[in-house]
Amino acid sequence: MLLSVLAASLEEVAATSSRRAKAEVVAGVLRAAASGGADEREVVVRYLEGELRQRRTGLGWRSLADPPSPATEPVLEVLDVDTAMASAAVQSGTGADGRRRRLLQDVLAAATAPEQRLVAGLVSGELRQGAQRGVLVEGLALAAGVPAAAVRRALTLSGDVAEVAATALGAADPDAARSALAAVALRLGRPVSPMLAASAPSLAAALERTGTALVEWKLDGVRVQVHRDEQGVRVWTRTLEEVTARLPEVVAAVAALPARTLVLDGEVLALRRRGPDDEGTEASTGDAGGGSEVGTEAGTGAGAAPWRARRPAPFQQTSSRVATRRPGDPGGPAAAGADGTGSPDPLQLVLFDVLHRDGEDLLDAPQLRRREVLLDLAPDLAVPGVAGSAEDPAAAAALSAAALALGHEGVVVKAAQAPYAAGRRGAAWVKVKPRLTLDLVVLAVEHGSGRRRGTLSNLWLGARDPHGRFGPEGGFVMLGKTFKGLTDTMLAWQTERLRALAVADEGGVVRVRPELVVEIALDGVQTSPRYPAGLALRFARVLAHRPDKPAAEADVVEELERLHAAAAGPA
DNA sequence: TTCCGACAGTGGGGTCGCAAT
DNA sequence: ATTGCGACCCCACTATCGGAA
């Protein structure tokens with residue numbers, strides 16, 4: 001298939017806002033690709049959802065500066081691009097960047113203007129055509145003549161778009177496609193798309209949405225899916241990247257469970273080192289839930305699971321461990337102990353779901369049934385949980401209070417009868433986290449892009465620094481940015497207001513007089529290597545503009561330091 | 001030779017508008 | 001009305017390469 005065919009189609013997709021119309025165009029391309037080879041079809045499928053086939057190429061937005069002038073005639077094949085990217089991906093050592101960029105430049109030089117836009121979008125990961133996996137699924141369904149739900153189901157169970165596309169498009173007719181898709185099942189060694197959670201502002205609101213529920217701690221860690229079969233144990237992240245070699249403690253913990261085959265869902269996190277100061281904490285949280293456990297008496301007590309009484313370490317510590325490659329990892333160090341730093345602190349595995357045990361798939365089993373299986377299988381690794389409902393929320397409230405007192409994020413409320421809805425952010429799981437608010441001052445603002453082009457969007461936020469600890473006396477210290485929470489009306493208002501306050505436009509960043517106060521919601525304050533106070537906002541979003549409030553009444557940096565210290569818990 | 005900055009690619013994430021239901 | 005999806009971009013981390021010290 002010529003790249004120009006794909007490029008023209010994607011321009012068409014970008015030009016309409018109708019989801020249906022986008023899917024129709026996608027379906028047309030898929031039908032055309034069906035006559036080509038399997039390799040080409042896979043590349044077309046990936047490009048339709050806006051991604052290269054290579055997970056890492058070493059090329060990004062920076063490599064796209066100074067593109068050559070576009071070609072006038074379309075000559076490139078879709079596979080030409082894939083070949084170049086595959087070649088870029090395997091470059092290493094001295095001169096690798098140069099060789100990668102030359103490969104990209106050569107492709108761009110042979111591409112017409114629309115083709116250049118497509119390639120640039122794929123390389124930068126920002127195609128922004130209003131079509132990603134969701135639209136691709138609908139297009140696949142149209143092309144194969146099957147319901148979108150059939151494709152979606154197969155995709156969440158296989159986790160592999162190309163494989164599902166081959167299954168759907170390779171069938172002789174719609175009936176055959178339908179049964180081929182229906183035959184896709186959970187398979188050991190192939191991760192499923194993890195179930196995601198919606199969020200609610202309060203426990204009551206969450207219980208209102210779920211009805212009778214299982215309420216569990218929400219931990220601030222990294223999501224893991226663990227499979228165990230006769231070959232051993234393997235571990236994947238939320239985006240289905242395999243991290244088995246990095247998490248030997250997870251492998252060991254699951255290998256020790258009394259089962260032959262397993263698929264588990266959970267979280268890994270770093271815990272604070274235990275010191276003498278923690279003894280009291282542990283004793284006081286012996287019953288971490290305060291309510292009756294679902295399915296067992298001992299589920300929430302520390303008992304054989306001392307981790308339940310330990311405070312979590314900052315997320316950065318967990319992140320660091322999960323991101324560090326180890327022997328056995330692709331690209332990891334060749335041998336153990338070469339750096340002489342010894343073993344890092346182990347991560348704790350905490351489980352909250354079981355999707356398969358010893359030949360039995362549990363995806364469609366009710367939440368409470370899966371909880372029973374989990375508590376039977378791994379009582380010491382199970383996250384604390386209790387039953388809850390809008391009518392009787394006391395136990396759930398106590399569990400939430402206990403989680404927060406220990407320094408965890410909050411709770412997840414799970415509809416008691418819901419199946420494991422792989423890949424969906426449905427209403428069956430609802431997370432509830434406390435929200436902090438601060439009044440901060442806008443120090444600068446960035447020009448918006450995409451649908452925010454022409455507006456002043458991303459706010460640079462600062463707190464008052466009245467003692468001049470991080471700058472001139474009586475000034476402000478920057479703590480982070482946010483573009484979230486703004487309605488179009490708010491966006492228009494702040495654009496006008498900030499233009500009036502502008503003092504300089506420094507290439508994309510408009511400096512303003514520090515006069516506009518904004519009410520900001522955030523999940524917490526974290527240490528920062530980036531900002532002068534050594535602190536940054538976590539998940540900041542705008543709640544409201546406060547033109548009525550003078551900047552002199554905004555929060556001070558010492559308040560953030562207090563919040564940061566409080567998160568670490570009692571000394 | 002060693003150090004450091006820039007870039008790429010992971011992890012964590014909230015809220016909006018729009019189309020479809 | 002509600003839901004699903006894509007867009008909007010955040011901060012943290014590690015790994016890698018290339019050039020400065």
Side-chain angles (χ1 to χ4, degrees), chain A residues 16-23 49-50 54-63 89 91-101 123-138 148 152 196-199 209 220-224 237-239 241 243 246 267-269 314-325 329 331-333 409 423-427 431 433 435 446 448-453 455 457-461 479-491 521-531 535-543:
Chain A
T16 175
S17 62
S18 163
R19 193 173 215 79
R20 179 93 196 166
K22 288 175 192 284
E49 67 169 345
Q54 294 73 27
R55 193 147 186 165
R56 51 199 313 152
T57 58
L59 293 166
W61 62 274
R62 198 66 181 80
S63 329
Q91 300 299 323
S92 67
T94 306
D97 279 359
R99 291 192 295 275
R100 289 189 183 112
R101 290 183 186 205
V123 168
S124 67
E126 298 186 340
L127 198 51
R128 292 180 188 170
Q129 56 185 340
Q132 296 182 347
R133 180 159 292 192
V135 171
L136 175 65
V137 163
E138 289 177 33
R152 201 172 290 123
L196 305 173
S199 64
R209 286 172 68 171
D220 191 12
V222 170
R223 187 85 175 263
V224 288
T237 65
R238 192 166 80 91
T239 58
E241 176 157 32
V243 288
R246 300 177 205 182
E267 195 97 355
V268 288
L269 75 165
F315 173 75
Q316 281 125 312
Q317 219 165 301
T318 299
S319 175
S320 166
R321 258 304 312 278
V322 176
T324 302
R325 295 212 270 264
D329 246 329
E409 273 196 311
R424 315 304 296 279
R425 195 183 288 281
K431 56 188 162 187
K433 299 193 281 186
R435 186 186 78 178
E446 295 175 20
S449 64
R451 70 179 297 278
R452 289 192 176 186
R453 178 167 296 281
T455 68
S457 174
N458 195 16
L459 301 171
W460 292 25
L461 304 167
L479 291 157
K481 309 179 189 180
T482 188
F483 56 90
K484 294 175 187 154
L486 298 165
T487 63
D488 285 1
T489 307
M490 291 164 76
L491 195 60
L522 62 155
D523 277 19
V525 177
Q526 59 193 349
T527 60
S528 169
R530 177 185 307 245
Y531 292 115
L535 297 175
L537 311 171
R538 191 162 187 218
F539 309 142
R541 58 271 189 192
V542 178
L543 292 177

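Because only heavy atoms are used, hydrogens play no part in the values below, and waters and symmetry mates are left out as well, while side chains stay in. Letters A, B, ... mirror the listed sequences (proteins, then strands); counts begin at 1.
Here A:R128 pairs with A:E126, A:S449 under the side chain to side chain contact (heavy atoms under 4.5 Å, CB included) rule; sequence neighbours left out. Checked against salt bridge (charged side-chain N to carboxylate O under 4.0 Å, His left out), A:K481 has the following partners two or more places apart in sequence or in another chain: A:E446. Every residue two or more places apart in sequence or in another chain was checked for a side-chain hydrogen bond (donor to acceptor under 3.5 Å, both in side chains) with A:Q132, and none qualifies. For A:R223, the salt bridge (charged side-chain N to carboxylate O under 4.0 Å, His left out) partners two or more places apart in sequence, or in a different chain, are A:D265. With sequence neighbours excluded, no residue forms a salt bridge (charged side-chain N to carboxylate O under 4.0 Å, His left out) with A:R530. Take A:S199 and apply the side-chain hydrogen bond (donor to acceptor under 3.5 Å, both in side chains) test, not counting sequence neighbours, and it matches no residue. For A:R20, the salt bridge (charged side-chain N to carboxylate O under 4.0 Å, His left out) partners at least two apart in sequence or on another chain are A:E24. Applying the side-chain hydrogen bond (donor to acceptor under 3.5 Å, both in side chains) test to A:R101 and every residue at least two apart in sequence or in another chain returns nothing. With sequence neighbours excluded, the residues forming a side-chain hydrogen bond (donor to acceptor under 3.5 Å, both in side chains) with A:E49 are A:R133, listed by chain and number.
Per the geometry, CG belonging to A:D220 stands 11 Å off C1' belonging to B:dG11, to the nearest Å. Rounded to an integer number of Å, the gap from A:E267 CD to B:dG12 P is 8 Å. Here the P atom of nucleotide C:dT3 and the CD atom of A:E138 are 17 Å apart, to the nearest Å. Rounded to an integer number of Å, the gap from CD of A:Q54 to C1' of B:dA8 is 15 Å. Regarding A:R62, its CZ atom lies at a distance of 17 Å from the P atom of B:dG5, rounded to whole Å. The distance from atom CG of A:D488 to atom P of B:dG17 is 5 Å, rounded to the nearest whole Å. The separation between A:R133 atom CZ and C:dC5 atom P is 11 Å, rounded to whole Å. One atom, CG of A:L196, and another, C1' of C:dC5, lie 13 Å apart when rounded to the nearest Å.
Applying the 4.0 Å criterion to OP1 and OP2 of C:dT16, one finds that A:R325 has a side-chain N or O inside that range. Checking the phosphate oxygens (OP1, OP2) of B:dA19, no side-chain nitrogen or oxygen of A:K22 falls inside 4.0 Å. The side chain of A:S199 places no N or O atom within less than 4.0 Å of a non-bridging phosphate oxygen (OP1 or OP2) of B:dG14. The shortest distance between the side-chain N/O atoms of A:W61 and the OP1/OP2 oxygens of B:dC7 is not below 4.0 Å. Note on A:T57: a side-chain N or O is less than 4.0 Å away from OP1 or OP2 of B:dG9. Considering only side-chain N and O atoms, A:K433 lies under 4.0 angstrom from the phosphate OP1 or OP2 of B:dG14. At the phosphate of C:dC5, OP1 or OP2 sits under 4.0 Å from a side-chain N or O atom of A:R152.
Nucleic acid contact class of A:D523 (heavy atoms, under 4.0 Å, all strands): none. Heavy atoms of A:G125 sit nowhere under 4.0 angstrom from any nucleic acid atom. Residue contacts shown for A:V322 are absent, as no nucleic acid heavy atom lies under 4.0 Å away. Using a 4.0 Å heavy-atom distance criterion, A:L59 is classed as a sugar-phosphate-only contact. Residue A:V135 is classed as a sugar-phosphate contact, given heavy-atom separations below 4.0 Å to backbone atoms only.
For the atom pair NZ of A:K484 and CG of A:L522, the computed distance is 11.0 Å after rounding to the nearest 0.5 Å. The CZ atom of A:R541 sits 8.5 Å away from atom OG1 of A:T482, with the distance rounded to the nearest 0.5 Å.
In the set B:dC16, B:dG11, C:dG18, the nucleotide with an atom closest to the side chain of A:E241 is B:dG11.
Comparing the C1' positions of B:dG5 and C:dA15 gives a spacing of 14 Å, expressed to the nearest Å. The C1' atoms of B:dC7 and C:dC13 are separated by 14 Å, rounded to the nearest whole Å.
A residue-by-residue look at A:M490 and A:R19 shows that A:M490 has its nearest nucleotide of DNA chain B further toward the 5' end. Each of A:S63 and A:R538 was assigned the nucleotide of DNA chain B with the nearest heavy atom; the assignment lying further toward the 5' end belongs to A:S63. With the nearest nucleotide of DNA chain C identified for both A:G98 and A:R56, A:R56 has the one nearer the 5' end.
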* What string of B, S and - do you get for nucleotides 7-13 of chain C 5' to 3' if you count protein non-hydrogen atoms under 4.0 Å? -> SBBSSSS

Please tabulate, one pair per line, each protein N/O and nucleotide N/O from nucleotides 19-21 of chain C that are separated by under 3.5 Å, including the distance.
none

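Donor-acceptor pairing under 3.5 Å is recorded for the side chains of A:T239 and A:R55.
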* Asked: Just the dot-bracket of DNA chain B, please: which string comes out with Watson-Crick or G-U pairs under 3.5 Å, [ ] for crossing, | for another strand?
  -> ||||||.|||||.||||||||

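Contact record, A:G448 with A:S457: CA-CB, 3.8 Å, taken as the closest heavy-atom pair. The heavy-atom pair separating A:R452 from A:L486 by the smallest distance is NH2-O, 3.8 Å.
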